Amino acid sequence: LAWPAGSLFSKYNPVAMPNTANSAWQMLTGATFFLVVSVARGEWDAFDWSAVPMRAWIAEAYLIVFGSIIGFSAYVWLLQVRPATQVSTYAYVNPVVAVLLGTWLGKEVLGVREIIGLLVILGGVLLINLAKYRKA
């Protein structure tokens, strides 16, 4: 609920700051709230930094750079120049790309449930943009 609400709010209430600063503030605010909740839940008590394999740290770095910094900054910019319904498809297409990359690069298993889920997501994106496709 927060994602579409924030998207619509920022679409119709733009701030007077560069997109990079806007994205940075949004990501820092989200990270702060996630950190506070994780500390309150005691999730850091049993966390062992040395148990995290190097491959996981590389994946984390990839997600930070491409999924957050580049991807989210592009999302914030697109909200200014395209309709929110079109831009919000990023939130649905992104998991599809992540699953396919995980299958291809991470040798993860793609089962029937995952394929059905991907088809449901892509079908939803198609339905959201169906009116646009019909006009063209």
Side-chain angles (χ1 to χ4, degrees):
L1 293 175
W3 184 280
S7 295
L8 289 173
F9 181 82
S10 65
K11 170 79 176 169
Y12 299 109
N13 298 293
V15 294
M17 71 172 63
N19 284 332
T20 51
N22 187 11
S23 298
W25 277 112
Q26 290 183 45
M27 286 190 272
L28 285 171
T29 302
T32 301
F33 280 100
F34 278 127
L35 183 61
V36 167
V37 169
S38 70
V39 168
R41 290 177 44 124
E43 295 175 358
W44 291 91
D45 297 341
F47 186 74
D48 181 13
W49 293 89
S50 62
V52 180
M54 180 55 71
R55 192 170 181 184
W57 289 116
I58 293 169
E60 181 75 14
Y62 170 83
L63 288 172
I64 290 169
V65 172
F66 293 100
S68 295
I69 296 172
I70 294 173
F72 188 68
S73 296
Y75 177 81
V76 169
W77 174 77
L78 279 170
L79 273 175
Q80 295 177 352
V81 297
R82 303 296 305 163
T85 53
Q86 288 179 349
V87 178
S88 66
T89 59
Y90 156 86
Y92 305 111
V93 174
N94 201 26
V96 173
V97 172
V99 167
L100 294 177
L101 282 174
T103 303
W104 179 50
L105 298 174
K107 307 296 187 246
E108 295 176 0
V109 177
L110 188 63
V112 174
R113 287 190 310 184
E114 289 82 9
I115 292 171
I116 291 171
L118 294 175
L119 291 174
V120 168
I121 291 168
L122 293 174
V125 171
L126 177 69
L127 290 174
I128 288 170
N129 292 299
L130 194 58
K132 183 186 88 168
Y133 296 139
R134 286 187 177 169
K135 288 180 184 177

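Keep in mind that this is a model prediction, so the values were computed, not measured.
Identified under the side chain to side chain donor-acceptor pair (under 3.5 Å) test for residues 45-61, with sequence neighbours left out: Asp48-Ser50. Under the ring pair (Phe, Tyr, Trp, His ring centres under 6.0 Å) criterion, no residue pair touches residues 19-38, with sequence neighbours excluded. Counting only residues at least two apart or in different chains, side chain to side chain donor-acceptor pair (under 3.5 Å) contacts with residues 26-44 comprise Asn22-Gln26, Ser38-Trp44, Arg41-Glu43.
Hydrophobic clustering of Ile, Leu, Val, Met, Phe, Trp and Tyr side chains at less than 4.5 Å, counting indirect connections, unites Trp77 with Met27. When the side chains of ILVMFWY residues are joined at heavy-atom separations under 4.5 Å, either directly or via intervening members, Val65 and Tyr62 end up in a single hydrophobic cluster. Cluster annotation: Phe66 and Leu63 are assigned to the same hydrophobic cluster (Ile/Leu/Val/Met/Phe/Trp/Tyr, side-chain heavy-atom contacts under 4.5 Å, transitive).
For Pro53, the side-chain contact (heavy atoms from CB on, under 4.5 Å) partners are Ala56, not counting sequence neighbours. For Ala21, the side-chain contact (heavy atoms from CB on, under 4.5 Å) partners are Met17, Pro18, not counting sequence neighbours.
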Report all side-chain donor-acceptor pairs from residues 97-122 shorter than 3.5 Å, counting only partners two or more places apart or in another chain.
unit_1 : atom_1 : unit_2 : atom_2 : d
Thr103 : OG1    : Val99  : O      : 2.9
Lys107 : NZ     : Trp104 : O      : 3.4
Glu114 : OE1    : Gly111 : N      : 2.8

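Through side-chain heavy atoms spaced under 4.5 Å, either directly or across other Ile, Leu, Val, Met, Phe, Trp or Tyr residues, Phe9 is tied to no other residue.
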